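All chains are named by letter (A, B, ...) in the order of the sequence lines, taking the proteins before the strands, and each is independently numbered beginning at 1. Everything numeric here is computed off the predicted structure, so don't read it as measured data.
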2 protein chains.
Amino acid sequence: MSSERLIYLPLGGAGEVGMNCYVYGYGPEHKERLIVVDLGVTFPDMDSTPGVDLILPDVSWLVERRDRIDGVFITHAHEDHVGAVGHLWERLKAPIYTRAFTANIARRKMEEHGADTDALHTVSPWPETVETGPFKVGFVPISHSIPESSGLVIDTPAGRIVHTGDFKIDTNPVVGEAFDRELWSSFGTVKALVCDSTNVFSRDAGRSESTLKPAITELIAEQEGMVVATTFASNIARLQTLADAGIAAGRSVCLLGRAMGKMVQAGTETGILTDFPSTISAEEATQIPRQNVMLLVTGSQGERRAASAQLANGKYRGITMKAGDTFLFSSKTIPGNERGVIKIMNQFSELGVDVIDDYSGAYHVSGHANRPDLEEMHQLVKPQVVIPMHGEHRHLREHTKLCTAKGMSAVVAVNGTMIDLTGNAPKVGGYVETGRTYLDGSVKVGMLDGIVRDRVKMALNGHVIVTVIIDEDGEPLGEPWCEVKGIAEVGTSNAPLVDVLEQDLGQLIMRADDRTVADDDKLEEQLKRQARRTCQQEIGKKVEVTCVISRLS
Amino acid sequence: MSSERLIYLPLGGAGEVGMNCYVYGYGPEHKERLIVVDLGVTFPDMDSTPGVDLILPDVSWLVERRDRIDGVFITHAHEDHVGAVGHLWERLKAPIYTRAFTANIARRKMEEHGADTDALHTVSPWPETVETGPFKVGFVPISHSIPESSGLVIDTPAGRIVHTGDFKIDTNPVVGEAFDRELWSSFGTVKALVCDSTNVFSRDAGRSESTLKPAITELIAEQEGMVVATTFASNIARLQTLADAGIAAGRSVCLLGRAMGKMVQAGTETGILTDFPSTISAEEATQIPRQNVMLLVTGSQGERRAASAQLANGKYRGITMKAGDTFLFSSKTIPGNERGVIKIMNQFSELGVDVIDDYSGAYHVSGHANRPDLEEMHQLVKPQVVIPMHGEHRHLREHTKLCTAKGMSAVVAVNGTMIDLTGNAPKVGGYVETGRTYLDGSVKVGMLDGIVRDRVKMALNGHVIVTVIIDEDGEPLGEPWCEVKGIAEVGTSNAPLVDVLEQDLGQLIMRADDRTVADDDKLEEQLKRQARRTCQQEIGKKVEVTCVISRLS
């Protein structure tokens, strides 16, 4: 019996939507050669990660095994799949393989971080493959909401795995490669299908990107003022549809927001966009009648600094919106982003701008396979087991239930769960510590470092600073001094809170025995406890306290 | 020409969903007698109001005119209409009028705050009226998602106003009064219809509460494990439907969460609930087979401390959920609450509990009038003007557009906009400063006090505390001392951040001239600026800085 094994290990993306990072391994146990599929990011929110700029997968497990990594394979250029390449390459230093469009985007990211772009290899699609270590990996074109998305066919001595990447079944995707049913049913014996789960709760079959064209064209033709549309900049097919509709309505098209220009440029450079209309600059847009202008802008998710939010605030690059103009969300609000999107909608409403969202479904289609499409994928590939990925726990579980209801084998494996695929049935091969790394300003901090948790606590509770000076003789010099930040100035006793705090803490020090006053830790603990107690009484809050004890010597 | 005028002034609820507080006035300009309709609250979120417990309307304008208030009229017992009664009564001290069920809830709130419940008057519905000052006010039964909801008919010498309160058109609401089309078309000449706008974007006619019964009954009959359902506790009709379905499936019903018990008790005490099944305690629920248990729990919006969140966390009052159990959201997630609800769904998924939400629309109907129902209301009342309320700006604007498209007069009036209704056409009668008061622990702070803004800043940026001691001779005593909270410990220079800070600040003080060192403000400003600059270089963040300068004397 061979001691070689074939493993699957998600480090991100399984148990969440975002931050995709999957590992496959083959070889002797604990000495497997490894490949990584995708290095994505996820985005912070005020609830749990205030002030954080970006969230990366914790790749410590991979870094410790860096000499065993035979390559990183990027399925497509969405941020949750390629976004961490620049941030993490320095720690992994493995060759990166991807197709031309994705490579174009990845290269920019690597250059920004001074990473060695020689490590980036542009590969041709299936049937060509990359041979590296015990793996042979092919990029199989698949339809999604960004060009050159690929599933991966991963061959190993222990069998073949098909990793779908993000996908939908779209045989007429406007830009890029159509879904090819014949191709996707040609993979023969497949040990495991590792499969997108995002839309498992969407009961109806997905719709093609091309179905949007008539409604969008008609909508834009009807408008009389300026038209502004937002969608993900990476959805180049949608940009094409929107831009074509603008041109058809006699409008000049202007791209606003950094990502818009970058994506259209990448599409043009890689030969994917061949007849995108010529665009005008923001300055030019201000100089022609507004009924002749169509803006394509970033910020479909209400991002605070994106073009849409800035237009809603009043002005962006000299352009203002006003009554009679139209703003189209050719997008869906990702759960959790509602507050930001609704804020923009109301700001536009105040300006008299008509906002059109995807209420009717006429102006947006999803990039992910719905439930019936997932079933079709299962039937096309006919794997021995389905491993749902790219979903929260509820998506993975529902996807598994969908499979087992049809008599297929399926297993839920969340981040950190290693699945051993060697034998006839998958089994758990171990558990690995996983986590998140926060990009916080220019530094990286760990999810468990407590730094962001301290910020959340200050946001909830406010912050009291207590300063005490102890003189050369070990006697307190004057009263303790208190400052508060984020805390009401006057509490129930109707006196200034800092006065009450200083009085209570002064009494505490006066009564404290010499041993306590001589011991920083003890004194600090007592001061903190009293400050909390006073604040609880005065303002009913459990405040955060920082204590600074200075000893004169 | 009379100098009397009739005014409408929203202080809350117009330009937001929540915190309803509307003022009507009649009399000589600036001496109008006033009535207040509703005193509601709204709820905080981490994005803008971290750590805040509750948000109340700023009633300063009313408090300054307290002697002119002839009464407060509460339309129904939802928190966004009655929630501030306990908190604000002491400042207004006006008589409160409402119907029995709402009075039952309001009384509890007033008692909690030690308010004088003699001020609370229970009134009978239309055609009875309350005469107070120049006003005659009748409570007209209207269907909504809580019993005894009422619209108000407000008669003044300048004409009649109809204030819908929250409503839907439901002729079979399971519990309480059906919508009476004849009654609602009987009000004769109506000067203004002040009308709910919540669901103006919902294109289909609303559905009756009673339509849910078959699907809910069938769903619960099908389940094999424990069934737990959540909805707003105040939706007593829904509780009745759910409880009846539980009983029909051979289950005992248990209410979990403080609000559940309170609402069912209020319904029973006021004679609204006559055949609600007898319930069992949490302890009893743990002692019978789980397939015989049906829990009705609070927390449909994912509230962190509610019963649903605690069950999702593992255990609540001795009850645990497990594989084979079912959790039903008989509710819709209010925009902005998605993160909390999704978190619970995933926690249940991890426990193996099947979660059923309102994806299909079979297990929940809205309590608000949809677009066609609003049009019907306009036609029934036939007012001279429609004033949309109870909505964000986009709702008010859309509601106005809906009216004008049908040839009706309508006007957008957001919080603080006083509308003069005296003449034939409404006109703006002035603007009033409005705002929000935060209940923060046990104290109230103003939205503009900067206290919560400071907390948001600390959450985003972290907090640096700089302590400097200046001796009797005006010379710095030792180095400045720095503490950080919510900030990375090591920056780009790879030395501990506090060391770098202390070094930079020490140099600053050393180089500072005597005048700067002698001047607290100047010294503080320079220290703060340097601390920010150092942090920007080291960790790329614009930190918050608090500076404590102690002078020995």
Side-chain angles (χ1 to χ4, degrees), chain A residues 15 45-47 50-51 201 203 335-336 338-339 342 345-350 352 355 359 392-394 396-398 440-443 445 449 451-452 454-463 465 467 469 477-478 481 483 485-492 538-541 544 546 548 550 552, chain B residues 15 45-47 50-51 201 203 335-336 338-339 342 345-346 348-350 352 355 359 392-394 396-398 440-443 445 449 451-452 454-463 465 467 469 477-478 481 483 485-492 535 538-541 544 546 548 550 552:
Chain A
D45 61 49
M46 267 304 277
D47 293 12
F201 289 107
R203 310 254 156 192
E338 288 79 4
R339 288 179 208 151
I342 289 173
M345 287 181 168
N346 281 310
Q347 288 178 306
F348 281 132
S349 180
E350 286 170 26
V355 173
Y359 182 85
E392 299 163 8
H393 194 282
R394 63 196 175 111
L396 307 185
R397 181 165 179 262
E398 184 72 13
D440 193 33
S442 55
V443 295
V445 304
D449 292 359
I451 288 162
V452 176
D454 276 349
R455 294 213 293 263
V456 171
K457 282 185 181 171
M458 288 191 289
L460 294 172
N461 308 324
H463 195 189
I465 296 111
T467 312
I469 303 176
L477 195 65
W481 180 264
E483 303 249 353
K485 197 170 175 78
I487 293 175
E489 282 168 17
V490 176
T492 45
E538 285 290 305
I539 59 166
K541 285 186 83 84
E544 301 302 305
T546 293
V548 181
S550 306
L552 305 184
Chain B
D45 60 50
M46 268 303 278
D47 292 11
F201 289 107
R203 311 254 156 193
E338 288 79 5
R339 288 179 208 151
I342 288 173
M345 288 181 168
N346 281 311
F348 281 132
S349 180
E350 286 169 26
V355 173
Y359 181 85
E392 300 162 8
H393 194 283
R394 63 195 176 111
L396 307 185
R397 181 163 179 264
E398 183 73 11
D440 193 34
S442 56
V443 295
V445 303
D449 292 0
I451 287 161
V452 176
D454 276 349
R455 295 214 293 264
V456 171
K457 282 184 182 172
M458 288 191 288
L460 293 173
N461 308 324
H463 195 187
I465 296 112
T467 311
I469 303 176
L477 196 64
W481 180 264
E483 303 249 352
K485 198 170 173 76
I487 292 175
E489 283 168 16
V490 176
T492 44
C535 287
E538 285 290 305
I539 58 165
K541 286 185 82 82
E544 301 301 304
T546 293
V548 181
S550 306
L552 305 185

| query | Where on Phe201(A) is there a heavy atom nearer than 4.5 Å to chain B: the side chain, the backbone, both, or neither? | reply | backbone
| query | With respect to chain B, which residue among Gly478(A), Gly352(A), Pro335(A) yields the maximal number of heavy-atom pairs within a distance under 4.5 Å? | reply | Gly352(A)
| query | Say you draw a straight line from NZ of Lys485(A) to CE of Met458(B); how long is it, rounded to the nearest 0.5 Å? | reply | 6.5 Å
| Between Val445(A) and chain B, which part of the residue has a heavy atom less than 4.5 Å away: side chain, backbone, both or neither? | side chain
| query | Heavy-atom distance under 4.5 Å between the side chains of Leu552(A) and Leu552(B), does that happen here? | reply | yes
| said: Shorter than 4.5 Å, heavy atoms on both sides: which option in Ile469(A), Asp449(A), Leu396(A), Val456(A) has the most such pairs with chain B? | reply: Ile469(A)
| Side chain, backbone, both or neither of Val355(A) within contact of chain B (heavy atoms, under 4.5 Å) | neither
| field | Most chain A-contacting option - heavy-atom pairs closer than 4.5 Å, from Ala459(B), Gly462(B), Gly15(B) | value | Ala459(B)
| task | Return yes if some donor-acceptor pair links the side-chain N/O of Arg397(B) with the main-chain N/O of Glu350(A) below 3.5 Å, else return no. | result | no
| note | To the nearest 0.5 Å, atom CZ of Arg339(B) lies from atom CD of Glu338(A) at 8.0 Å
| query | Among Thr492(A), Val490(A), Ile487(A), Val452(A), which has the most heavy-atom pairs under 4.5 Å with chain B? | reply | Ile487(A)
| Residue selection (most heavy-atom pairs with chain B, distance under 4.5 Å) from Asp454(A), Leu460(A), Asn346(A), Val443(A) | Asn346(A)
| said: Under 4.5 Å from any heavy atom of chain B, what part of Glu538(A) do you find: side chain, backbone, both or neither? | reply: backbone
| task | Select one option (side chain, backbone, both, neither) describing which atoms of Glu489(A) are under 4.5 Å from chain B's heavy atoms. | result | backbone
| query | Which bit of Ile539(A) is near chain B, if near means a heavy-atom gap under 4.5 Å: side chain, backbone, both or neither? | reply | both
| remark: Comparing Gly336(A), Gly51(A), Ser349(A) against chain B, the one with the most heavy-atom pairs below 4.5 Å turns out to be Ser349(A)
| note | In terms of heavy-atom contacts, Gly441(A) and Lys541(B) come closest through CA-CG, 3.7 Å
| task | Count the heavy-atom pairs under 4.5 Å between each of His393(B), His463(B), Met46(B) and chain A, then report the option with the highest count. | result | His393(B)
| query | Heavy-atom distance under 4.5 Å to chain B: side chain of Asn461(A), backbone, both or neither? | reply | backbone
| Do side-chain atoms of Arg455(B) reach the backbone of Gly486(A) as a donor and acceptor pair under 3.5 angstrom? | yes
